2 protein chains.
Amino acid sequence: MKVTIYDVAKEANVSIATVSKVINNTGRIGEKTKRKVLEVMKQLDYQPNMMASALMGKQTKTIGLLIPDLANPFFSELARSIEDRAHEFGYNLVICSTDYQTEKENKYLALLKRKSVDGFILASGFEDLNKVEELVKEDVPVAIVARDLPMFSINTVALDDFMGGYLAASHLIELGHQNIGVIARDVWSNRERLRGFKQALEESNLEFTREFEYINGISHVEPGKFMTAKYLKGKNPPTAIFACNDLLAIGAIQAVKEQGMRVPDDISVVGFDNTLIATIVEPPLTTVAQPIQHMGREVLDLIISMIKGEKKEKMRLTLLPSLVTRNSTAKNRNKDLKEKLENL
Amino acid sequence: MKVTIYDVAKEANVSIATVSKVINNTGRIGEKTKRKVLEVMKQLDYQPNMMASALMGKQTKTIGLLIPDLANPFFSELARSIEDRAHEFGYNLVICSTDYQTEKENKYLALLKRKSVDGFILASGFEDLNKVEELVKEDVPVAIVARDLPMFSINTVALDDFMGGYLAASHLIELGHQNIGVIARDVWSNRERLRGFKQALEESNLEFTREFEYINGISHVEPGKFMTAKYLKGKNPPTAIFACNDLLAIGAIQAVKEQGMRVPDDISVVGFDNTLIATIVEPPLTTVAQPIQHMGREVLDLIISMIKGEKKEKMRLTLLPSLVTRNSTAKNRNKDLKEKLENL
DNA sequence: GCATTTTAGTTAAGCGCTTTCTTTACCTTT
DNA sequence: AAAGGTAAAGAAAGCGCTTAACTAAAATGC
């Protein structure tokens, strides 16, 4: 019952070649036949099979999006913004959560390639870029978003993570914090954020002496809570926490509360991403905002132009973060600092 | 440079039919040739093109998932749970946000059909099910999740929405609330929730007299805030709010706070869904929990069995909600109620 | 030892399209 | 009116795979 190009051709008394040409608006077709074919197509409710045309080298109008975790608001918001833009171009997204596992990343890469997606947008960790580079070498369009991997020459729409870390630290320093705990997962962008963070400290003649370990596992509320509790119970507890995403920051806030302390009165917390949840938590989270919508749109445009074969030269677009000040940060009133100041 | 089945055949000195058979593990193939072919496949890093086999009537191992809004935590969590299960079966998801627009729903349906997805999982509103029914008639596997549309005979994994509304109302009634404001978008499941809600009222000899209007637009924080503010400023303000999802509930809480009142002391708020954000908001949200993971898993299993051609009889699986009591609800201390009680 | 069944592998058609050549019919020229 | 040009449509090959039908060789039976 499936209506194919043959049915249309027969009904319109033309060859399938002619039908194909009017579908794709290629070649020379007379006005009359064109109208006739169009009419028959409508009448039979003919929908060209995209698999078949993909087989002939046409596009599938499908893009693979690899993210760490769709349940993380940052990534679902990012995915949504990419999807919106994709929709404008008639593209669909197949979305894959990798949980930062190299194995899954590579598996999805291979699988989607077999499915002939037109291109890939990568927002996952990709500590191992071998497979990605293979794809690039085979001229498969690949773009990276929201992670900057400067050591690889792949089209990228990134955030200036260094600046983000710098902003967070500057804000806290201005508020008089010197002993700041950091919570982050060990991925490249966080290393950059940390660099920016340290840079700001240095410029204020402070030093990041705190013993520091990356969290492992996924960036979610629980690890943030756990790490913060650890900091607070440890020796020389910090007066502020810089968490490398909002989820972790929320965990930090929860931990502070559980210790019977208050945010921001006792401990300030800065997050990163500026997702919906930053506005919902109490107190509302001061956070480094990523321009999620903008990023999504830009990376989609980028991949489309790659698919179309324009834009052969590699490029990196770096968007700038901004600090959104809410109520999770305040002046440091901690005695620890006061003592130090008195000793000057 | 793409390696095809021909390359493998040539290299292994067999026909492409033989290669195909070892790939699919069909037909009779001798041990030796089988090993040889497998070896060559590995050696050439051969990856069968799924478009080609899809053209021959095989599956694409891709499922279309239509949801209203990927940025809504309920749907991103649901999508994630479906995806996880799909991954176990080697399936991918192409996720489409419809914003509850019939036009988008139908467009995506048609587009994904052209892309030969193996089946559809629908979590969008679908007030107009015509196109869906067409698909069903053509034997395209379609399953509905998280929405119950009992007037259509389509395989469904649903929540007992009636029960959900009933639970919410019972809880509030127990706490002494009689004047309850409701915030909901006009979709079928909310109508059910409302029915359950009213049922509980009736059973306590209460009546839902409140003038009520559905919100329009998307269910997000802002509309919840707006509606609540309207209720609070109106005559006979409620002592409790039942919001038909967590996002709206959070809007409600924000509105209460903005009016200088407190949750739950002055106004109780009950949400629906039990997403991450319910645990994050202050006070933590009492909410009707949907078994999101369970639903996702069940619907994926359902669609898979439909794709495999098992399960020809239509079925509806109804999962039960449960009330998660947190701190956004408390005993009604409102004078309004006191007065009434005194008048008894 | 010959007919019969099994087993192993091949041939070829076809899935629904795109596209390069051709062919046919119709205009222009001179 | 004959040669050349051009516009419109068709024939056919082929994308990478599956599968029904077939053949050849090996195993079995009597």
Side-chain angles (χ1 to χ4, degrees), chain A residues 1-41 44-62 110-118 138, chain B residues 1-41 44-62 110-118 138:
Chain A
M1 302 300 89
K2 210 173 271 176
V3 23
T4 73
I5 198 171
Y6 287 95
D7 303 317
V8 177
K10 187 172 294 174
E11 188 68 22
N13 283 314
V14 295
S15 72
I16 59 164
T18 304
V19 177
S20 176
K21 280 170 195 157
V22 349
I23 293 169
N24 298 292
N25 210 20
T26 55
R28 329 177 148 293
I29 299 293
E31 261 312 309
K32 249 178 261 175
T33 12
K34 190 172 194 168
R35 260 203 303 279
K36 173 72 180 167
V37 170
L38 250 15
E39 187 189 307
V40 172
M41 279 172 50
L44 299 184
D45 190 29
Y46 167 65
Q47 302 283 71
N49 179 329
M50 297 190 82
M51 299 299 94
S53 56
L55 237 204
M56 288 300 295
K58 288 253 162 174
Q59 284 148 24
T60 55
K61 291 276 189 177
T62 305
L111 188 54
L112 296 190
K113 193 188 159 199
R114 287 183 54 193
K115 292 186 180 175
S116 311
V117 298
D118 295 337
E138 296 172 42
Chain B
M1 305 309 90
K2 211 174 270 177
V3 22
T4 75
I5 200 171
Y6 288 96
D7 303 318
V8 177
K10 187 173 293 174
E11 188 68 22
N13 283 314
V14 294
S15 72
I16 59 164
T18 304
V19 177
S20 177
K21 279 171 192 156
V22 349
I23 292 170
N24 298 293
N25 210 20
T26 55
R28 327 177 148 296
I29 299 295
E31 262 311 309
K32 248 179 262 175
T33 14
K34 191 173 197 168
R35 259 203 304 281
K36 174 71 180 169
V37 170
L38 249 17
E39 187 189 308
V40 172
M41 279 171 50
L44 299 184
D45 189 29
Y46 168 65
Q47 302 283 71
N49 179 329
M50 298 189 81
M51 298 300 94
S53 55
L55 237 203
M56 289 300 296
K58 288 254 160 172
Q59 285 147 23
T60 54
K61 291 276 190 176
T62 305
L111 188 53
L112 295 190
K113 192 187 160 202
R114 288 183 53 193
K115 292 186 180 178
S116 312
V117 296
D118 296 337
E138 296 173 42

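Per chain, numbering begins at 1; letters A, B, ... match sequence-line order. Remember, it's a predicted structure, so these values are computed and weren't measured experimentally.
Between B:Tyr46 and D:dC17, a side-chain N or O to OP1/OP2 separation shorter than 4.0 Å is present.
Listed by chain and number, the residues in a salt bridge (Lys or Arg N to Asp or Glu O under 4.0 Å) with A:Glu138 are A:Lys113 (sequence neighbours excluded). Every residue meeting the side chain to side chain contact (heavy atoms under 4.5 Å, CB included) condition with B:Thr33, not counting sequence neighbours, appears here in chain and number order: B:Val14, B:Ile29. For A:Ser116, the side-chain hydrogen bond (donor to acceptor under 3.5 Å, both in side chains) test picks out no residue, with sequence neighbours left out. With sequence neighbours left out, A:Asn24 forms a side chain to side chain contact (heavy atoms under 4.5 Å, CB included) with A:Ser20, A:Thr26, A:Lys58. Among residues two or more places apart in sequence or in another chain, the salt bridge (Lys or Arg N to Asp or Glu O under 4.0 Å) test is passed with A:Arg35 by A:Glu31.
Atom-to-atom, CD of B:Gln59 to P of D:dC17 comes out at 17 Å; the value is rounded to the nearest Å. When the C1' atom of D:dC17 is taken as reference, atom NZ of B:Lys58 falls 10 Å away, rounded to whole Å. The distance from atom CG of A:Leu55 to atom C1' of D:dA13 is 14 Å, rounded to the nearest whole Å. If you measure from atom NZ of A:Lys115 to atom C1' of D:dC17, you get 17 Å, rounded to the nearest angstrom.
Applying the salt bridge (Lys or Arg N to Asp or Glu O under 4.0 Å) definition to pairs two or more places apart or across chains, none involves residues 7-26 of chain A. Sorted by first and then second residue, the side-chain hydrogen bond (donor to acceptor under 3.5 Å, both in side chains) pairs involving residues 44-54 of chain A (not counting sequence neighbours) form an empty list.
The two residues A:Ala9 and A:Ser15 have their closest heavy-atom pair at CB-C, 3.8 Å.
The closest side-chain heavy-atom distance from B:Leu38 to B:Val22 is below 4.5 Å. Looking at A:Val8 and A:Ile23, their side chains never come closer than 4.5 Å, going by heavy atoms from C-beta outward. You'll find the side chain of A:Met50 reaches within 4.5 Å of the side chain of B:Leu111, heavy atoms only. Contact annotation: the side chain of A:Lys61 approaches that of B:Lys115 to within less than 4.5 Å [non-hydrogen atoms, C-beta and beyond].
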Please write out the pairs of protein N or O atoms and N or O atoms of nucleotides 6-10 of chain D separated by less than 3.5 Å, giving the distance to one decimal.
from   : atom 1 : to      : atom 2 : distance (Å)
D:dA7  : OP2    : A:Arg28 : NH2    : 3.2
D:dA9  : OP1    : A:Thr33 : OG1    : 2.6
D:dA9  : OP2    : A:Gly30 : N      : 2.6
D:dA9  : OP2    : A:Thr33 : OG1    : 2.7
D:dG10 : OP2    : A:Ser15 : N      : 2.7
D:dG10 : OP2    : A:Ser15 : OG     : 3.1
D:dG10 : OP2    : A:Thr18 : OG1    : 2.6
D:dG10 : O6     : A:Lys21 : NZ     : 2.8

Give every pair of a protein N or O atom and an N or O atom of nucleotides 24-26 of chain D that lie under 3.5 Å apart, one pair per line with the distance.
none

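Here the side chain of B:Thr18 pairs no donor or acceptor atom with the backbone of B:Ile16 at under 3.5 angstrom.
Close approach of DNA chain C to chain B, defined as any atom under 4.0 Å from a non-hydrogen atom of the protein, starts and stops at C:dT7 to C:dG16.
Note that the two end axes of the helix from C:dG1-D:dC30 to C:dT30-D:dA1 enclose an angle of 40°, each drawn from 5 base pairs, rounded to 10 degrees.
A:Ser20 comes within 4.0 angstrom of a nucleotide base, judged by non-hydrogen atoms across all strands.
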